[in-house]
Visitor: 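My questions all concern the structure below.
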2 protein chains.
Amino acid sequence: MSSLGYAVRMSLKIALLGLLDAKGPASGYDLAKAFESSISNAWQAGHTQIYPELVKMAADGLVAVESEGARNRKIYAITPEGARLVRSWLIEHQPTAAMRSEVALQAFLLPLLDREDAIEVVLRLRRQFSERLAGLECRPVVKASGFGRYALRLGIAQGRAALDWADDTLAELREAGRDGEGSPAETGPRPPEAGLGASEAGPGTSAAEGE
Amino acid sequence: MSSLGYAVRMSLKIALLGLLDAKGPASGYDLAKAFESSISNAWQAGHTQIYPELVKMAADGLVAVESEGARNRKIYAITPEGARLVRSWLIEHQPTAAMRSEVALQAFLLPLLDREDAIEVVLRLRRQFSERLAGLECRPVVKASGFGRYALRLGIAQGRAALDWADDTLAELREAGRDGEGSPAETGPRPPEAGLGASEAGPGTSAAEGE
DNA sequence: TTGCCCATGTAATACGTTACATGATTTC
DNA sequence: GAAATCATGTAACGTATTACATGGGCAA
């Protein structure tokens, strides 16, 4: 098993192995907690996903049940093979840049709304960025010591960028209201713009956007 | 049908409706192309997901087949009900902040590697950010006019933040090598650090260590 | 002994990806 | 008419979410 040629998507496995590797043996419950706190910034998973995955990984020799405690609590520890797998994934796996973000989707669709509504939406997004950022910034891990420090810094940097974007966008939307008044952003009834794909140049360009 | 109380996750629906709304009637094929170009920054989907979804949405009255062209090509147009749905989703739906990013996961796990390897990984990430950013920045949409301009700016802002993070992280990793030499980041064989949850404090900490 | 939280799990469903299949049109 | 590309689709699989089920321990 565990043929080392890692499957298409195995990020959950990796996240679990990484946590076990970094923080030592833990139960499924502990790991589920960890997804809410330390690693929430990078990955997430519920216990319903974690328990079966641990069983599979145990069968594959990536983790081992170290001990069993009260009320069926099983403590898993990473095996040498598991530790090897995380490291080789880190070193060899080029992460997919594929984007799938509801926030970005709302940003994308913003021009469908009239100015007032668009402002409301951006304000809500801004509030959300701000709360998230505050949540990250107050984590003690920020100091040079904590394990998740790199991911945390990345999250904070991106949170700040998002916040700035919200401010800029708000400014622009408000500015637009000053003169055009009723001409916010492709206002109201949508203007059919010929066809799709026309806006992005021709077939040759396709590779340029390749992600 | 289409009970207006929108389901848990319906972002694909929304993305399709948004594209149809913004750019006018299009075929499934056109929409699949659009996911590669204009909206790739916010959402993505392959044709195998799009075709069935369009059929469902047509059954729900959110889109309608406007015309059928050569080789079975069906042109879908958004209906008023569909347009209403996108707008109310935009206005009412608080997007989930849930993170699931392989890039962030690699950042999180970076301390598992020794300094040399960590630097290699960050260099690769940096290259990736850089390419992605270049791809975004050269899009003509950046100008105030294009439909996806807000999402594009957000993507660019976050891309820059990621690039900066990579530079900072590289600097830190190289700096660490100067003195400690063999003491990069939790070097080599992992140190079991007691239990999980200990690093984050919080209300339920007591239970985390429980047996 | 009732009620709450801890801790683990299963089942059903929804969402996404990969692989495969098909035919129509254009290009050589 | 062979090959490439356009355009649509189905099937199988893997991953993620929601809802449900269970039982132990603890405190009021």
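Just so we're clear, the structure is a prediction, and the values are computed from it rather than from any experiment. Residue numbers start from 1 in every chain, and the chains themselves are labelled A, B, ... in the order their sequence lines are given, proteins ahead of strands.
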Visitor: Do any side-chain atoms of residues 50-59 of chain B form donor-acceptor pairs under 3.5 angstrom with protein atoms, and if so which ones, sequence neighbours left out?
Guide:
from, atom 1, to, atom 2, distance (Å)
B/E53, OE2, B/K13, NZ, 3.0

Visitor: Does B/D167 have any salt bridge (Lys or Arg N to Asp or Glu O under 4.0 Å) partners at least two apart in sequence or in another chain, and if so, which?
Guide: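 Result, salt bridge (Lys or Arg N to Asp or Glu O under 4.0 Å) vs B/D167: B/R126.
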
Visitor: Between D/dA7, C/dG16, C/dT8, which one does the side chain of A/N72 approach most closely?
Guide: C/dT8

Visitor: Applying salt bridge (Lys or Arg N to Asp or Glu O under 4.0 Å), can you list everything that pairs with B/R124, at least two apart in sequence or on another chain?
Guide: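 B/R124: no salt bridge (Lys or Arg N to Asp or Glu O under 4.0 Å) contacts found.
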
Visitor: Does the side chain of A/Q49 get closer than 4.0 angstrom to OP1 or OP2 of D/dT15 through an N or O atom?
Guide: no

Visitor: To the nearest 0.5 Å, what is the distance between CG (B/L113) and CD (B/Q106)?
Guide: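 Those atoms lie 9.0 Å apart.
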
Visitor: Give, for atom CG of B/L16 and atom CD of B/Q49, the distance between the pair rounded to the nearest 0.5 Å.
Guide: 8.5 Å

Visitor: OP1 or OP2 of D/dT8 sitting under 4.0 Å from any side-chain N/O of B/S27?
Guide: yes

Visitor: Quick one: is A/R100 getting a side-chain N or O under 4.0 Å of the C/dT17 phosphate, OP1 or OP2?
Guide: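 Answer is yes, contact under 4.0 Å.
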
Visitor: Got a donor-acceptor contact below 3.5 angstrom from the B/N41 side chain to the B/A151 backbone?
Guide: yes

Visitor: Using a heavy-atom cut-off of under 4.0 Å over every strand shown, decide if B/Q44 touches base, sugar-phosphate, or nothing.
Guide: sugar-phosphate

Visitor: Nearest whole Å is fine: how far is D/dT17 P from B/M10 CE?
Guide: 17 Å

Visitor: Tabulate atom names and distances for all N/O pairs under 3.5 angstrom spanning the protein and nucleotides 10-14 of chain D.
Guide:
none

Visitor: With a non-hydrogen cut-off below 4.0 angstrom, is B/G28 in contact with a base, only sugar-phosphate, or nothing?
Guide: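 Here B/G28 touches the backbone only, sparing every base.
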
Visitor: Is any side-chain N or O of B/Y29 closer than 4.0 Å to OP1 or OP2 of D/dC6?
Guide: yes

Visitor: So, is B/K74 near the phosphate of D/dG9, with a side-chain N or O under 4.0 Å from OP1 or OP2?
Guide: yes

Visitor: Could you list all N or O pairs between the protein and nucleotides 22-25 of chain D that sit under 3.5 Å apart?
Guide:
none

Visitor: Run the salt bridge (Lys or Arg N to Asp or Glu O under 4.0 Å) test against B/R127 and tell me which residues pass, sequence neighbours left out.
Guide: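 In terms of salt bridge (Lys or Arg N to Asp or Glu O under 4.0 Å), with neighbours along the sequence ignored, B/R127 is linked to no residue.
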
Visitor: Checking salt bridge (Lys or Arg N to Asp or Glu O under 4.0 Å) between A/D30 and each of A/K23, A/R73, A/K74, which is the one that passes?
Guide: A/R73

Visitor: Whole-Å distance between D/dA16 C1' and A/K13 NZ?
Guide: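 The answer, rounded to whole Å, is 15 Å.
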
Visitor: Test B/E66 against every option in B/I75, B/L20, B/I78 by the side-chain contact (heavy atoms from CB on, under 4.5 Å) rule and name the one that passes.
Guide: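 Single pass found, and it is B/I75.
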
Visitor: To the nearest Å, give me how far apart CG (A/L54) and C1' (C/dT8) are.
Guide: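 The answer, rounded to whole Å, is 11 Å.
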
